[in-house]
**Student:** 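Pasting a structure here, questions to come.
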Amino acid sequence: MNTKNKGFNTKLVHAGAYEDVFGSAVTPIYQTSTFAFQNAQHGADCFAGKSDGFIYTRIGNPTIKAFEDAMAELENGVGGVATSSGMAAVSSVYMALLGAGKHIVCSASVYGPSRGVLERDFSRFGVEMTFIDTSDIQQIKNAIQENTTVLYIETPTNPTMQLTDLVEASKIAHKHGITVVVDNTFSSPYLQKPLNLGCDVVLHSVTKYINGHADIVGGVIIAKEQDMYKKIRASMVYLGGNMDPHQAFLTHRGLKTLSIRMDKAEESAMKVAQYLENHPKVDWILYPGLKSHPQHELAKKQMSGFSSMISFGLKGGLDAGRTLMDNVHLALLAVSLGGVETLIQHPASMTHAGMTKEAREQADISDGLVRFSVGIEDAEDIIEDLDQALAKV
Ligand SMILES: *Cc1c(COP(=O)(O)O)cnc(C)c1O
């Protein structure tokens, strides 16, 4: 079915479906590593790109293509490249767009490994980099050099919940011929479409909202233009970070309910945020849907919803955070986000416990910071759980 002119929810359910000879209602799992050619000429045509037949699963596969096509349509791009993880998506984009002597400008508080792989690995190959607060447009202007080729943005950021104005950032970057890449994991195309706002490439950890069921790890990249799409696909195929057919099947199944899951989670997130904002033991809270968020107006302008990630600070610091973690029952103590289940994380005692207090503070991670991913359980139950745990803090 051609879904090009249909609404977002129709696209979620039907876009990309691969029509097979049996009329399968759902794209099946083509669990095969390779595909037989009809004859020598067909093989030659497939390799030359004259036939759209499949060759080998690292290069392409019907189950994976169905998911890629759906994501490309949802993000309004020309093509999608599915990857084994969100980090494989990030690394494939870096590999396609960077090289010795080239320079990248990157949000300072991006997902840790998205920055880490630049500092640890790409630096060894002569890539130059500057990390700034991209929510401040002046800092982007100041960071651009003659050899800058990529502006890499995450919005909202994790866990500091800063937003970057994508229209403004793209305008500046394009004046200098710079490619704008956006990690759209926190919003998904349901709430934010970076390609419509002027950006060139969008990527996701589909581990989070896209799949939404905490049962796979995966990634996807979508490009606005054909040349860029081909360049990124070629890098992914050579690096070998492809998604596998079973992963693609599960992710595509999860994708179909994206909007109803995110609506439910956001509705609860707003209630949880309002509850936390009024709690005496909570020092501060950052949720883009609250009027108190410093960029609430920008969130309303460039997003069509506020998603369900909340960061808040406890007055009691490290001990308070640890006590809260040890007393919640419904929320799972776990990293990751965007699934149907509510997750809670305390960086200072968990993911970032190995860092010194000073290093954490430099990264804006205070000892009382708690990150909360609201799931689709009943809001009353989520709040009741927090309430009894906060009473023990
Ligand atoms: C989780 C995450 C990633 C990395 O994705 P993986 O699937 O874990 O490899 C990248 N960016 C953001 C914003 C994330 O939350």
Side-chain angles (χ1 to χ4, degrees), residues 71-83 86-98 104-115 117-118 129-137 139-140 143-144 148-158 160-174 176-210 219-225 228-229 231-232 258 288 295 298-299 301-307 309 337-338:
M71 285 304 301
E73 210 174 309
L74 293 165
E75 286 282 13
N76 222 357
V78 295
V81 179
T83 55
M87 280 315 300
V90 174
S91 305
S92 297
V93 168
Y94 288 165
M95 197 60 103
L97 303 179
L98 296 169
I104 176 172
V105 175
C106 184
S107 303
S109 51
V110 281
Y111 182 72
S114 301
R115 175 174 178 160
V117 75
L118 288 170
M129 53 203 73
T130 305
F131 299 98
I132 53 157
D133 175 0
T134 52
S135 69
D136 176 359
I137 295 293
Q139 288 195 28
I140 299 181
I144 290 173
T148 306
T149 54
V150 179
L151 171 61
Y152 186 92
I153 299 169
E154 212 175 284
T155 177
T157 54
N158 169 30
T160 47
M161 305 305 282
Q162 285 164 328
L163 273 65
T164 296
D165 188 325
L166 294 176
V167 172
E168 289 304 313
S170 297
K171 270 189 207 153
I172 292 159
H174 290 159
H176 301 269
I178 296 167
T179 302
V180 182
V181 180
V182 178
D183 182 334
N184 202 24
T185 301
F186 267 43
S187 307
S188 93
Y190 180 48
L191 303 181
Q192 176 170 275
K193 293 187 185 63
L195 302 186
N196 289 3
L197 300 171
C199 307
D200 305 293
V201 177
V202 53
L203 61 85
H204 292 270
S205 165
V206 303
T207 313
K208 318 293 166 53
Y209 288 103
I210 300 288
V220 71
I221 308 152
I222 300 102
K224 185 147 89 181
E225 283 171 2
M228 180 65 73
Y229 164 69
K231 199 164 158 179
I232 292 170
L258 178 72
Q295 292 169 295
L298 176 60
K301 195 176 84 177
Q302 82 179 10
M303 300 166 75
S304 55
F306 308 112
S307 200
M309 291 301 298
L337 60 106

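All values derive from a computational prediction rather than experimental measurement. This chain uses plain numbering: 1 for the first residue, then up along the sequence.
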**Student:** To the nearest 0.5 Å, what is the distance between CG on Leu337 and CG on Asn158?
**Tutor:** 6.5 Å

**Student:** Applying side-chain contact (heavy atoms from CB on, under 4.5 Å), run through Lys224 and Val202 and close with a yes or a no.
**Tutor:** CA-CA 8 Å; Lys224 185 147 89 181; Val202 53; over 6 Å; no

**Student:** Rounded to the nearest 0.5 Å, what separates atom CD1 in Ile144 from atom CD1 in Ile178?
**Tutor:** 4.0 Å

**Student:** What heavy-atom pair brings Ser107 and Phe131 nearest, and what distance separates the two atoms?
**Tutor:** O-CD2, 4.2 Å

**Student:** Does the side-chain contact (heavy atoms from CB on, under 4.5 Å) test come out yes or no for His176 and Thr148, once each step is laid out?
**Tutor:** CA-CA 8 Å; His176 301 269; Thr148 306; over 6 Å; no

**Student:** Name all residues meeting the side chain to side chain donor-acceptor pair (under 3.5 Å) criterion together with Gln139; count only those two or more places apart in sequence or in a different chain, and write none if there are none.
**Tutor:** Asp136

**Student:** Of all the heavy-atom pairs spanning Ser109 and Thr157, show the shortest one and how long it is.
**Tutor:** O-CB, 3.5 Å

**Student:** Side chains of Pro288 and Met161: does their closest heavy-atom pair fall under 4.5 Å?
**Tutor:** yes

**Student:** Which residues pass the side chain to side chain donor-acceptor pair (under 3.5 Å) test with Gln302, sequence neighbours left out?
**Tutor:** none

**Student:** Can you name the side chain to side chain donor-acceptor pair (under 3.5 Å) partners of Tyr152, sequence neighbours left out?
**Tutor:** none

**Student:** Is there a side-chain contact between Val110 and Asp183, using heavy atoms and a 4.5 Å cut-off?
**Tutor:** no

**Student:** Mind checking what makes side chain to side chain donor-acceptor pair (under 3.5 Å) contact with Asn184, not counting sequence neighbours?
**Tutor:** Glu75, Gln192

**Student:** From Leu191 CG over to Leu258 CG, what is the distance, rounded to the nearest 0.5 angstrom?
**Tutor:** 7.5 Å

**Student:** Roughly how far, to the nearest 0.5 Å, is OH of Tyr209 from NE2 of His204?
**Tutor:** 12.5 Å

**Student:** I need the single residue from Thr179, Val181, Leu166, Val167 that forms a side chain to side chain contact (heavy atoms under 4.5 Å, CB included) with Cys199. Which is it?
**Tutor:** Leu166

**Student:** Classify the side-chain pair Tyr111/Thr185 by whether it contains a donor and acceptor separated by less than 3.5 Å.
**Tutor:** no

**Student:** Which pair of heavy atoms, one from Ile153 and one from Ala169, lies closest together, and at what distance?
**Tutor:** CD1-CB, 3.8 Å

**Student:** Indicate yes or no for a side-chain donor-acceptor contact from Thr155 to the backbone of Thr164 under 3.5 Å, with no hydrogens or angles considered.
**Tutor:** yes

**Student:** Output the distance between atom CG (Leu298) and atom CD (Gln162), rounded to the nearest 0.5 Å.
**Tutor:** 12.0 Å

**Student:** Lys208 side chain to Gly338 main-chain N or O, any donor-acceptor pair under 3.5 Å?
**Tutor:** no

**Student:** If you compare all heavy atoms of Val180 against all heavy atoms of Ala173, which two are closest, and at what distance to 0.1 Å?
**Tutor:** CG2-CB, 3.4 Å

**Student:** Under 3.5 Å, is there a donor-acceptor pair between the side chain of Ser188 and the main chain of Tyr190?
**Tutor:** yes

**Student:** Apply side-chain contact (heavy atoms from CB on, under 4.5 Å) to residues Ser135 and Leu163 and explain how you reach the verdict.
**Tutor:** CA-CA 6 Å; Ser135 69; Leu163 273 65; 5.9 Å; no

**Student:** According to salt bridge (Lys or Arg N to Asp or Glu O under 4.0 Å), who are the partners of Asp165, at least two apart in sequence or on a separate chain?
**Tutor:** Lys301

**Student:** Would you tabulate the side-chain donor-acceptor contacts of residues 91-98 under 3.5 Å, counting partners in other chains and residues two or more places apart, or write 'none'?
**Tutor:**
{"unit_1": "Ser91", "atom_1": "OG", "unit_2": "Met87", "atom_2": "O", "d": "2.9"}
{"unit_1": "Ser92", "atom_1": "OG", "unit_2": "Ala88", "atom_2": "O", "d": "2.7"}
{"unit_1": "Tyr94", "atom_1": "OH", "unit_2": "Ser114", "atom_2": "O", "d": "2.8"}

**Student:** Ignoring hydrogens, what is the shortest heavy-atom contact between Leu118 and Met129? Give both atom names and the distance.
**Tutor:** O-CE, 3.2 Å

**Student:** Using only atom types and a distance under 3.5 Å, with no angle test, would you say the side chain of Lys193 pairs donor to acceptor with the backbone of Pro189?
**Tutor:** yes

**Student:** Between Pro156 and Ser187, which heavy-atom pair has the shortest distance, and what is it?
**Tutor:** CD-OG, 3.6 Å

**Student:** In Å and rounded to the nearest 0.5 Å, what is the CG to CG distance from Leu195 to Asp200?
**Tutor:** 8.0 Å

